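Have a look at the structure below, then the notes.
This one's a predicted model, so the numbers in the text were calculated from it and none came from an experiment. All values below were derived from every heavy atom in this structure, side-chain atoms included, with hydrogens, water molecules and symmetry-related copies excluded. Here, residue 1 is the first one in the sequence, and each next residue gets the next number.
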Amino acid sequence: MTNVQPVNAPYVPPGTGWPDDPAVAGTPVAHGPAEVRSLAAEAPSLGELTARQSVCRACPRLVEWREKVAVERRRAFAGETYWGRPIAGWGDEDPRILIVGLAPAAHGGNRTGRIFTGDRSGDWLFASLYRVGLAASPTSTHAGDDQRLIGTRMLAAVRCAPPDNKPTPAERNTCLPWLAREIVETADSVRVIVVLGGFAWQAIWPALKEAGFDLPRPRPMFGHGAEVELTSPKGGTLLLGSYHPSQQNTFTGRVTEAMLDAVFTRARDRSLSN
């Protein structure tokens, strides 16, 4: 992977050679919630939408934290360059399946520039996707590592690494237009949305509403294996819940390989059936 900045820089400048960087030097930058909403709404394509996501500076607390981590770094990665920017949606541009997580990890996506890449949660996730035929490789270590998602795209409810893995409700709401617009941009092809964890489950409902889905009332409860049939102007979509493959869940056995494989097998089979 090309080292495009000094290791003590707070983030990778857009358009400087990082693998799969969607942005360029002139990509518009959002500095607050209103600008997030307008830049998301006005993006002329999925590619431009992801570019704008990747340079967002709308949440001061998250900007400060992600850049602090990128400079101080974990000892195991002390000699590496950290991405230090928001994490854009990644994967197939016409996906049958969307996977929605909470937020990038401070030393995972915030380091590698790609959601779920380079952390323990991602190790579990990509291994499962590979076993069921939704990823080209069982591992994902850095952007540009030749990993490829098959009929699948990954998004995050919050695009910046948050302190203690806990975004605030205000930060979640600020990031909402990025998520909603990406759902709209992929709605023609998507047949299944897999939601990882309770926070992402809460975040997905207002995004689905903005994207034009008819939502059930009362709101269905989150649980591993939860299924909700949704409708939108584009057709039917199945919403699937899954426990997040966090270390806390995998170490305690709350999430097993078989449990993840079952969810993604269900998603794969449903996505191919209509």
Side-chain angles (χ1 to χ4, degrees), residues 1-23 27 29 50-91 99-127 129 135-149 153-167 171 175 178 196-197 199-200 244-248 250:
M1 181 169 58
T2 304
N3 195 16
V4 295
Q5 63 162 351
V7 295
N8 62 346
Y11 64 91
V12 172
T16 54
W18 192 274
D20 300 326
D21 184 350
T27 297
V29 179
T50 59
R52 295 176 181 192
Q53 292 167 1
S54 77
V55 295
C56 183
R57 300 184 67 83
C59 299
R61 187 183 78 113
L62 298 186
V63 171
E64 180 181 7
W65 173 251
R66 79 190 191 213
E67 294 182 1
K68 178 176 184 290
V69 170
V71 171
E72 295 181 353
R73 300 181 302 282
R74 180 173 285 172
R75 180 176 296 179
F77 310 121
E80 293 190 21
T81 296
Y82 273 51
W83 171 254
R85 283 165 44 195
I87 306 302
W90 173 75
I99 300 172
V100 181
L102 165 61
H107 303 280
N110 191 55
R111 173 174 61 90
T112 66
R114 195 164 69 193
I115 188 69
F116 285 113
T117 291
D119 61 52
R120 295 289 181 86
S121 296
D123 292 344
W124 275 71
L125 181 59
F126 283 108
L129 294 173
S137 170
T139 61
S140 183
T141 58
H142 60 270
D145 63 359
D146 295 326
Q147 177 61 280
R148 179 173 56 88
L149 296 178
R153 187 174 184 85
M154 291 182 175
L155 320 176
V158 174
R159 304 303 171 112
C160 295
D164 301 319
N165 291 321
K166 294 180 180 179
E171 290 162 350
C175 220
W178 296 133
L196 302 177
F199 184 97
H244 195 286
S246 65
Q247 290 189 64
Q248 180 180 0
T250 57

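- With sequence neighbours left out, the side-chain hydrogen bond (donor to acceptor under 3.5 Å, both in side chains) criterion links R66 to no other residue.
- A donor-acceptor contact shorter than 3.5 Å links the side chain of R73 to the backbone of V71.
- Heavy-atom contacts from other residues, nucleotides or ligands closer than 6.0 Å to CD of Q248 number 12 or fewer.
- The closest side-chain heavy-atom distance from S137 to Q147 is below 4.5 Å.
- More than 12 non-hydrogen atoms from other residues, nucleotides or ligands lie less than 6.0 angstrom from CZ of F199.
- Taking each heavy atom of D119 and S121 in turn, the nearest pair found is OD1-N, 3.1 Å.
- Between Y82 and H107, the ring-plane angle classifies as perpendicular under the 30° and 60° cut-offs.
- To the nearest 0.5 Å, the span separating NE2 on H142 from OG1 on T81 amounts to 13.0 Å.
- Residues L125 and L196 form a side-chain contact, since some pair of their non-hydrogen atoms from C-beta on lies under 4.5 Å apart.
- Listed for the S54 side chain is no donor-acceptor partner under 3.5 Å among the backbone atoms of P22.
- Note that CD1 of I99 is 9.5 Å distant from CH2 of W90, once rounded to the nearest 0.5 Å.
- Judged purely by atom type and a 3.5 angstrom limit, Q53 uses its side chain to pair as donor or acceptor with the backbone of G89.
- Salt bridge annotation for E72-K68: present, with a cationic side-chain nitrogen under 4.0 angstrom from a carboxylate oxygen.
- Judged by distance alone, with hydrogens and angles left aside, the side-chain atoms of R111 form a donor-acceptor pair with the main-chain N or O of G118 at under 3.5 Å.
- Contact between A23 and V55 at its shortest, heavy atoms only, is CB-CG1, 3.8 Å.
- Note that CG of D21 is 9.5 Å distant from OG1 of T50, once rounded to the nearest 0.5 Å.
- Put simply, the side chain of R159 does not reach to within 4.5 Å of the side chain of C56, judged on heavy atoms.
- Atom CZ of R61 has more than 12 heavy atoms from other residues, nucleotides or ligands within 6.0 Å.
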Side chain to side chain donor-acceptor pair (under 3.5 Å) between R114 and S140, worked out: CA-CA 9 Å; R114 195 164 69 193; S140 183; 2.6 Å; yes
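- By the 30° and 60° cut-offs, the orientation of the rings of W83 relative to W18 is tilted.
- No side-chain heavy atom of T27 sits under 4.5 Å from any side-chain heavy atom of P14.
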